[in-house]
Q: 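One structure, as structure tokens, below. Some questions next.
Both counts, for ligands and for their atoms, begin at 1 and track the order of listing.
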Amino acid sequence: MFLHGTSRINDAGHLEIGGCDVTELKAEYGTPLYIVDEQLVRRRCREYMDAFAASGLGFQVAYASKAFSVMAMCRLADEEGLSLDVVSDGELYTALQAGFPAERIHFHGNNKTPDEIEMALDARIGCFVVDNLVELELLQAIAAEKNQTVNVLLRVTPGVEAHAHHAYAATGQTDSKFGFDIGNGSAQEAVRLASSKANLKLLGVHSHIGSQIFETEGFQLAVERVAGFARKVKEELGIEFSVVNLGGGFGIRYVEGDTPLQVSEYVAAITDAVKTHFAGIGSKLPEIWVEPGRSIVGDAGTTLYTIGTSKEIPGVRKYVAVDGGMTDNPRPALYESKYEAVLANRAGEQPEETVSIAGKCCESGDMLIWDVELPKAESGDLLAVACTGAYNYSMASNYNRIRRPAVVFVQNGQSDLVVKRESHGDIIANDIVPARIAKQPVTK
Ligand SMILES: *Cc1c(COP(=O)(O)O)cnc(C)c1O
């Protein structure tokens, strides 16, 4: 397994992350356990901030909190000077409760409810990324009621098909549920309309072309298309964009063969393209915003499991089951995502066999890894799956009424619990048994 960030094999032959031996983490917190390498998260944040600072352009780096939205993570993003994207009232609430400055929060989504819009206006967030005409009218109406003027970006689809990992991860093409199409004129009409609204302040446009992208071409093409659009809007409507948001989607290394670029390379490609294509369009170059999610937290996360049963089918394969699965990591089942793993309490040993890692849910598709080389695993051994920091905890479910795991941050030999493991009480916390069918008073 590739060792990310501060991960290393210690003298005892155990995996160590942030100076913490995972066998000790297991003893203290149990498994499954999400372990986050805090130093690596901070390093990724700084790579973005430093690369943009070097470009000389105005910028904001907004952490797409949907990748991993918990209060402690909002604190890290704030401390590192990032802005924050939210997509629901739940993510907004998390950020506000964490004390994240509202003026650096951006609200996304293709179907924001009136309640969500009200909540965000009351909090005085920094910007709405408006996805469609229904939302545009609704936002104007609610902002007018509250006597507020609100910053907006319009989400546009530049007609770029990013070479994303999976069709569901591509969002910049014309046939998408998101945004206004540049090609068919609806984006320009939306700009005209938005700038006519008394309570909306149009800052510019937003484009997000996809996810887990390994090349710069898609971003460069998006910049070129958006710049062409900006020129047309300037010429035909006399409107200038002060902000251009180019979304997220920067790839990371999950497994061997994944070839992401350095953060600085993605950023340089984008900022260079902006300098080239926006030259002469407005009175000055627009501020550039990006929204990395996966590339901030993905490789900093590791999930620790305890191995239980195994089943060998002679001549076919050997299944080794862990005490979690699709409930804590649905990505293999959803997207056929690939992961690497190591036997964390015997990490110095040579692999002896190829096995497949199964979860414990009642689904044949509940597999974490097909074919991984490991030493002969015994019941009670620990399995660490790398690169689970993004879209794992945030996509976790209670299927089979399995309790969601705890999350710890580790750094400098210290571990801090940032999310408690769910209790049995949590599992039934919202259940109600009507009196007419109740057998006994329920104690929670
Ligand atoms: C999901 C999403 C992101 C973050 O994508 P990553 O692949 O995690 O970097 C950014 N912006 C928007 C609009 C998104 O939907």
Q: Taking only heavy atoms of Pro292 into account, list the atoms of ligand 1 that are under 4.0 Å away from them.
A: 9 (O)
Q: Around atom CD of Gln39, are there more than 12 heavy atoms of other residues, nucleotides or ligands at under 6.0 Å?
A: no
Q: Check whether any N or O atom of Tyr391, backbone or side chain, sits under 3.5 Å from an N or O atom of ligand 1, and answer yes or no.
A: yes
Q: Could you tell me which atoms of ligand 1, counted from 1 in the order shown, lie closer than 4.0 angstrom to a heavy atom of Ser211?
A: 6 (P), 7 (O)
Q: Does NZ belonging to Lys26 count more than 12 external heavy atoms closer than 6.0 Å?
A: yes
Q: Verify the neighbour count for atom NZ of Lys275: are there more than 12 heavy atoms of other residues, nucleotides or ligands below 6.0 Å?
A: yes
Q: Would you say Phe178 contacts ligand 1, with heavy atoms under 4.0 Å as the rule?
A: no
Q: Within the structure, is a non-hydrogen atom of Gly249 found at a distance of less than 4.0 Å from ligand 1?
A: yes
Q: State whether the number of non-hydrogen atoms from other residues, nucleotides or ligands found under 6.0 Å of Gln148 atom CD is greater than 12.
A: yes
Q: Salt bridge or not between Lys146 and Glu118? Use side-chain N to carboxylate O under 4.0 Å.
A: yes
Q: Under 4.0 Å from a heavy atom of His206: give me the atoms of ligand 1 that qualify, with their elements.
A: 13 (C)
Q: With heavy-atom distances below 4.0 Å as the criterion, list the atoms of ligand 1 near Arg155.
A: 13 (C)
Q: Just jot down the ligand 1 atoms closer than 4.0 angstrom to any heavy atom of Glu291, in number order.
A: 3 (C), 4 (C), 9 (O), 10 (C), 11 (N), 12 (C), 13 (C)
Q: Can a cation-pi geometry be assigned to Arg75 and Phe100, taking NZ or CZ under 6.0 Å from the six-membered ring centre and within 45° of the ring axis?
A: no
Q: Does Glu256, at its CD atom, have more than 12 non-hydrogen atoms belonging to other residues, nucleotides or ligands within less than 6.0 Å?
A: no
Q: Should we say atom OH of Tyr399 is surrounded by more than 12 heavy atoms from elsewhere, each under 6.0 Å from it?
A: yes
Q: Which of the atoms of ligand 1 are close to His108, meaning less than 4.0 Å from one of its heavy atoms?
A: 13 (C)
Q: Considering distance alone, does some N or O of Gly247 sit under 3.5 Å from an N or O of ligand 1?
A: no
Q: With a cut-off of 4.0 Å, which atoms of ligand 1 are near a heavy atom of Lys66?
A: 1 (C), 2 (C), 3 (C), 14 (C), 15 (O)
